[in-house]
Amino acid sequence: KSPVFGIMWTLIFFSQFLFASLIFGHAVGENVVADDRALWNQCACTSGAFLMAAMWTPLFAEEKPWTFVLSSILLVSTAIVTTCGAVFSKAFFVDDPYMKFGGIATTFFAGWALVAAGLSVGIVTRVQNHGKNAPERHDAVTSSFFPLVLSVVVAVLAVVFSNPVFPAPLLFTLFFVPNIFRDWKIWGAAIVCAVGVVIGGVLV
C-alpha cells in the first residue's frame, strides 16, 4: 500500500526506457560510445535483472513458505546482478553523457533492488517465525536490524565505487517507515545512508 513501490518502479522503467532510446538514437547516428564493452556489460546485467525481477511476481503471489524463500533468492540475485551492472557502468567516471546517464539509472535500479532484496529477506524471516500469513500482520510490532545492515552495505558501495546514488533509494524509502524516529535502527540507517551519499559525492 506504500507509494514507494510505485514511485521507484516508475523512475526505474522511465529512466531505463529513456536510456535505451538515447543509445538507440546514438547507434543509428553511427556514433560510438566512450566504452562499448562497459556499455555491453551494463546492458546485459540490467536486462538479466529485469527478467529475474519479472519472475518474482508469480512466485511471491503463491504465498507459500517455499515460494517466499525462492522469491527472496531471486531478488537477492537481481540485486547482485544490477549492482554488477552499476559497477561496470562507471557512472561518474566517463565523459560520454549517454553512459553517464545510463550508469546513474542503473545504479538507482541497483539501489532499489538491494532494498527489495532486504525486504524480501525480512518477509522470509517473519514467515519462518510466524507462519505464512506473517506478511499480512500489519498490526504486529516488529523491529529489525535489516535496514541498518543494508544501509551499511549501500554506504560501503557508495564509498568503494565512488557512486553516491547507491544509498539514495534506501534513504528515500526509510522516510516512509511509520514512526521513523522511534526506532534507532531506522534513523540510524538513514544517517548511515546520508553519510554514504556525502562521502561518495566528495570522492566523485
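Throughout, residue positions are numbered sequentially from 1 according to the sequence presented.
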Counterpart residues, side-chain contact (heavy atoms from CB on, under 4.5 Å), relative to [X] (two or more places apart):
{"X": "Leu75", "answer": "Trp56, Ala116, Ala117, Ser120"}
{"X": "Leu171", "answer": "Phe175, Ala190, Cys193"}
{"X": "Ala105", "answer": "Ser15, Gln16"}
{"X": "Val160", "answer": "Val156"}

As an exercise, state the distance from [atom1] of [X] to [atom2] of [Y], rounded to the nearest 0.5 Å.
{"X": "Thr78", "Y": "Ile73", "atom1": "OG1", "atom2": "CD1", "answer": "11.5 Å"}
{"X": "Leu174", "Y": "Ile191", "atom1": "CG", "atom2": "CD1", "answer": "11.0 Å"}
{"X": "Thr67", "Y": "Glu62", "atom1": "OG1", "atom2": "CD", "answer": "6.0 Å"}
{"X": "Asn41", "Y": "Thr106", "atom1": "CG", "atom2": "OG1", "answer": "11.5 Å"}

- Item | Apart from Phe146 itself, residues in the same hydrophobic cluster as defined by side-chain heavy atoms under 4.5 Å |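 Via sub-4.5 Å side-chain contacts, Phe146 links to Val76, Ile80, Val121.
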
- Query: Residues sharing Val202's hydrophobic cluster, by side-chain heavy-atom contacts under 4.5 Å among ILVMFWY, directly or via others?
  - Reply: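 The other cluster members (ILVMFWY side chains, heavy atoms under 4.5 Å, direct or chained) are Val198.
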
Which atom of [X] lies closest to which atom of [Y], heavy atoms considered:
{"X": "Phe5", "Y": "Trp112", "answer": "CD2-CZ2, 3.6 Å"}
{"X": "Ala189", "Y": "Pro147", "answer": "CB-O, 3.5 Å"}
{"X": "Gln42", "Y": "Ser89", "answer": "OE1-CB, 3.2 Å"}
{"X": "Ser151", "Y": "Leu148", "answer": "OG-O, 2.6 Å"}
{"X": "Val204", "Y": "Ser162", "answer": "CG2-O, 3.1 Å"}
{"X": "Met99", "Y": "Ala38", "answer": "CE-CB, 4.0 Å"}

- Any residue meeting side chain to side chain donor-acceptor pair (under 3.5 Å) with Thr107, in chain and number order, not counting sequence neighbours: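 By the side chain to side chain donor-acceptor pair (under 3.5 Å) rule, Thr107 matches Asn163.
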
- Item | Polar side-chain atom of Ser72 near backbone of Phe68 as donor-acceptor pair, under 3.5 Å |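 Absent.
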
- Query: Short question: side chain of Lys100, backbone of Asp95 - any donor-acceptor pair under 3.5 Å?
  - Reply: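 No: the side chain of Lys100 does not pair with the backbone of Asp95.
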
Mind checking whether [X] and [Y] sit in one hydrophobic cluster, side chains of I, L, V, M, F, W, Y counted as touching below 4.5 Å?
{"X": "Ile7", "Y": "Phe13", "value": "yes"}
{"X": "Leu51", "Y": "Phe17", "value": "no"}
{"X": "Val197", "Y": "Leu203", "value": "no"}
{"X": "Val124", "Y": "Trp66", "value": "yes"}
{"X": "Phe93", "Y": "Phe166", "value": "yes"}

Find out whether [X] and [Y] are in side-chain contact, i.e. whether some heavy atom of one side chain is under 4.5 Å from a heavy atom of the other.
{"X": "Phe60", "Y": "Leu74", "result": "no"}
{"X": "Leu39", "Y": "Phe88", "result": "no"}
{"X": "Thr82", "Y": "Cys45", "result": "no"}
{"X": "Leu18", "Y": "Phe101", "result": "yes"}

- Item | Residue pairs, two or more places apart or on separate chains, that pass side chain to side chain donor-acceptor pair (under 3.5 Å) and touch residues 188-198 |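 As it turns out, there is no side chain to side chain donor-acceptor pair (under 3.5 Å) pair with a partner in residues 188-198 once direct neighbours are skipped.
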
- Message: Which residues pass the ring pair (Phe, Tyr, Trp, His ring centres under 6.0 Å) test with Phe109, not counting sequence neighbours?
- Response: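 If we apply the ring pair (Phe, Tyr, Trp, His ring centres under 6.0 Å) test to Phe109, skipping adjacent residues, the hits are Trp9, Phe50.
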
- Message: Holding to ring pair (Phe, Tyr, Trp, His ring centres under 6.0 Å), I want the full list of residues that pass it with Phe172, two or more places apart in sequence or in another chain.
- Response: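 For Phe172 the ring pair (Phe, Tyr, Trp, His ring centres under 6.0 Å) partners, ignoring immediate neighbours, are Phe176.
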
- Phe14, CZ: over 12 other non-hydrogen atoms inside 6.0 angstrom: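 No.
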
- Take Leu170 and Leu114 through the test side chain to side chain contact (heavy atoms under 4.5 Å, CB included) and record every step on the way to the result. CA-CA 8 Å; Leu170 177 58; Leu114 288 164; over 6 Å; no

